[in-house]
Amino acid sequence: MKIERNYNLSKLNTFGISVHAKLFVEIKNEDDLKGLFETPEFKNNQKLFLGGGSNVLFTKDFDGLVILNRLKGIEIIEEDGESVRIKCMGGEIWHDLVTYAVDRGWWGIENLSLIPGTVGAAPMQNIGAYGAELKDVLENVEAFDVNTGDKIIFNKEECELGYRDSIFKNGSKDKYFISAITLKLSKKEKKNLDYKVLQDHLEKNKIEVKNSKDVSDAVSHIRRSKLPDPAVILNAGSFFKNVFLQSGEFKKLQETYPEMPYFSEDNLIKIPAAWLIEQTGWKGKRVGNVGVHDKQALVIVNHGGAKGDEIQGLAQEIIYSVYKKFKIKLVPEVNVI
Ligand SMILES: Cc1cc2nc3c(=O)[nH]c(=O)nc-3n(C[C@H](O)[C@H](O)[C@H](O)COP(=O)(O)OP(=O)(O)OC[C@H]3O[C@@H](n4cnc5c(N)ncnc54)[C@H](O)[C@@H]3O)c2cc1C
């Protein structure tokens, strides 16, 4: 374990923003981490834990210690004929875990295929896609308290997982380093094919789902065709969260905008933030080095050489436009640092 100084982070965030960390260290095992806790660099500086950097926007140099999570390992803790409990270290790549599961015929995370980033960041915003969320399979989260160095196990309820949200993104922000998670997956067929886009893809391509890998392949295919790959165009996926309204509020809006798309979820009405952005004319627009993707209005892109505050500036303008038109305040999903 080597603590480096003035470390460039441009290759460690999918927006490709060139900022420097005053201090930087890569953690490969728990002993590294425990050793790090004892160092003055750890004790005397603010800290930022980083996985794949696919959900962060750096707006300035980080005046502290960036800790890159590379803790590896997947372990079966318990299994029977019905299900399997696996513990996965936080530095594993999320999609590698999905592949590990579907290759063994296990069900539960196949709809979450190809979400970029690490396993350790997955509970942060309760990753979700194609009708599934981490919370459907999560058993617990193992984390280190950054102040005491103690290891704590949070059960699912204690993580307070919500739509792109958790205790780690709110009240306990920056207080814990997530070192591992435990999932319970099913060995018995457990298809989750209700999500309309997935259903349509399966029908259109006459795909008969025989195993979880078929679902994973279908989701991967859809994602590749719809979402810009950060290796080709720098971005951090959806910049904003979708909007949830009480039905009364929604009905009032619907009187003015009867064409507004919506979905009923958990007694609330979900409105796609992408539609709201499209209506304000931002889709496909470019401002200097930054812009809104031409096929995905939720995705802000760095066309090259952008500074973090240019991206944040564009995000603010989008928030303002949407608020002016609909009186709805968009909330960023990306962690602005
Ligand atoms: C093209 C694209 C598509 C995407 N699609 C989806 C999608 O469908 N669904 C979805 O939910 N998300 C999606 N995302 C967002 C992103 O992939 C997820 O949020 C992912 O979980 C981030 O993982 P990461 O390792 O890159 O986290 P990072 O960006 O490195 O970190 C994100 C936040 O978590 C904190 N953090 C990271 N690791 C730890 C740790 N071990 N302990 C404590 N805190 C930590 C960081 O400090 C930061 O605040 C997409 C992103 C991209 C670029």
Side-chain angles (χ1 to χ4, degrees), residues 14-15 54-55 57 114-116 125 127-131 133 163-165 194-201 204 219 221-230 232-266 268-304 306 308-336:
T14 60
F15 265 130
S54 64
N55 205 14
L57 171 63
L114 233 51
I115 295 181
Q125 67 160 12
I127 54 168
Y130 296 89
E133 286 182 315
Y163 166 67
R164 302 295 189 272
D165 211 7
D194 292 344
Y195 199 81
K196 177 96 173 58
V197 178
L198 177 57
Q199 238 176 48
D200 291 350
H201 174 83
K204 190 171 151 226
V219 168
H221 184 93
I222 303 169
R223 290 185 70 101
R224 284 198 185 96
S225 67
K226 287 191 142 197
L227 284 169
D229 178 355
V232 179
I233 182 155
L234 301 163
N235 76 89
S238 302
F239 197 93
F240 300 101
K241 294 185 186 189
N242 285 314
V243 175
F244 285 85
L245 297 177
Q246 302 286 345
S247 67
E249 279 174 280
F250 172 69
K251 281 202 176 102
K252 270 194 227 149
L253 259 177
Q254 207 184 22
E255 284 168 16
T256 320
Y257 303 102
E259 72 286 14
M260 184 180 275
Y262 67 96
F263 306 89
S264 298
E265 268 182 35
D266 301 331
L268 290 170
I269 305 292
K270 177 170 117 181
I271 301 169
W275 185 84
L276 299 172
I277 297 169
E278 270 181 64
Q279 300 309 303
T280 56
W282 278 108
K283 192 175 177 183
K285 278 223 174 128
R286 179 172 178 159
V287 185
N289 295 321
V290 301
V292 177
H293 194 260
D294 56 357
K295 295 198 186 67
Q296 273 296 334
L298 264 188
V299 177
I300 295 185
V301 299
N302 172 5
H303 288 293
D309 49 15
E310 281 178 86
I311 292 177
Q312 204 188 11
L314 175 61
Q316 292 302 335
E317 285 196 50
I318 294 170
I319 291 172
Y320 178 73
S321 303
V322 168
Y323 187 77
K324 206 168 148 208
K325 189 168 172 82
F326 297 104
K327 295 283 170 291
I328 289 175
K329 188 151 188 275
L330 291 182
V331 175
E333 179 186 311
V334 169
N335 299 277
V336 179

Enquirer: Tell me, please, which residues at least two apart from Glu133 pass side chain to side chain donor-acceptor pair (under 3.5 Å).
Expert: Asn126, Lys135
Enquirer: Starting at CG of Asn55, measure out to CG of Asn335 and round the result to the nearest 0.5 Å.
Expert: 5.0 Å
Enquirer: Is there a side-chain contact between Val336 and Ile311 (heavy atoms, below 4.5 Å)?
Expert: no
Enquirer: Which pairs with one or both residues in residues 232-251 pass ring-ring contact (aromatic ring centres under 6.0 Å, His included), sequence neighbours excluded?
Expert: Tyr163-Phe244, Phe250-Tyr262
Enquirer: At what distance, to the nearest 0.5 angstrom, does CD of Gln125 lie from CD1 of Ile127?
Expert: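 Answer for the CD-CD1 pair, Gln125 versus Ile127, is 8.0 Å.
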Enquirer: So, taking the atom named CG in Leu314 and the one named CG in Asp309, what distance separates them when rounded to the nearest 0.5 Å?
Expert: 12.0 Å
Enquirer: Any chance you could lay out the side-chain contact (heavy atoms from CB on, under 4.5 Å) test for Lys329 and Val243, step after step, and finish with the verdict?
Expert: CA-CA 9 Å; Lys329 188 151 188 275; Val243 175; over 6 Å; no
Enquirer: Mark yes when over 12 heavy atoms from residues, nucleotides or ligands other than His201 sit less than 6.0 Å from its NE2; otherwise mark no.
Expert: yes
Enquirer: With a 4.5 Å heavy-atom cut-off, do His303 and Ile233 have their side chains touching?
Expert: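 Yes. Closest side-chain heavy atoms under 4.5 Å.
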Enquirer: Ala274 and Ala297: which non-hydrogen atoms are nearest, and at how many Å?
Expert: O-CB, 3.6 Å
Enquirer: Is any side-chain heavy atom of Ile115 closer than 4.5 Å to one of Arg223?
Expert: yes
Enquirer: Identify every side-chain donor-acceptor pair in residues 317-328 under 3.5 Å, counting partners at least two apart or on other chains, and give the distances.
Expert:
from	atom 1	to	atom 2	distance (Å)
Ser321	OG	Trp282	NE1	2.9
Ser321	OG	Glu317	O	2.9

Enquirer: From Gln296 CD over to Glu278 CD, what is the distance, rounded to the nearest 0.5 angstrom?
Expert: 9.0 Å
Enquirer: State, with a plain yes or no, whether a side-chain heavy atom of Pro261 is found less than 4.5 Å away from one of Ile271.
Expert: no
Enquirer: Got Pro228 and Val299 here, is their nearest side-chain heavy-atom distance under 4.5 Å?
Expert: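 The answer is yes; the side chains approach within 4.5 Å.
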Enquirer: Taking all heavy atoms of Phe263 and all of Pro272, pick out the closest pair and write down the distance.
Expert: CE1-CG, 3.8 Å
Enquirer: I need the minimum non-hydrogen distance between Ile300 and Asn235, along with the two atoms involved.
Expert: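 Closest heavy-atom pair between Ile300 and Asn235: O-CB, 3.5 Å.
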Enquirer: In Å and rounded to the nearest 0.5 Å, what is the NZ to CD distance from Lys204 to Gln199?
Expert: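 That separation rounds to 14.5 Å.
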Enquirer: With a 4.5 Å heavy-atom cut-off, do Leu276 and Met260 have their side chains touching?
Expert: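 Side-chain contact under 4.5 Å: yes.
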Enquirer: Is any side-chain heavy atom of Ile222 less than 4.5 Å from a side-chain heavy atom of Leu198?
Expert: yes
Enquirer: Given side chains that start at C-beta, do those of Asp200 and Lys196 come closer than 4.5 Å, heavy atoms only?
Expert: yes
Enquirer: Which is it for Val331 and Arg164 under the side-chain contact (heavy atoms from CB on, under 4.5 Å) test, yes or no, and what are the steps along the way?
Expert: CA-CA 11 Å; Val331 175; Arg164 302 295 189 272; over 6 Å; no
Enquirer: Consider side-chain contact (heavy atoms from CB on, under 4.5 Å). Of Ile277, Leu298, Asn242, which one does Leu330 pass it with?
Expert: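 Single pass found, and it is Ile277.
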Enquirer: Distance from Ser238 atom OG to His293 atom NE2, nearest 0.5 Å?
Expert: 12.0 Å
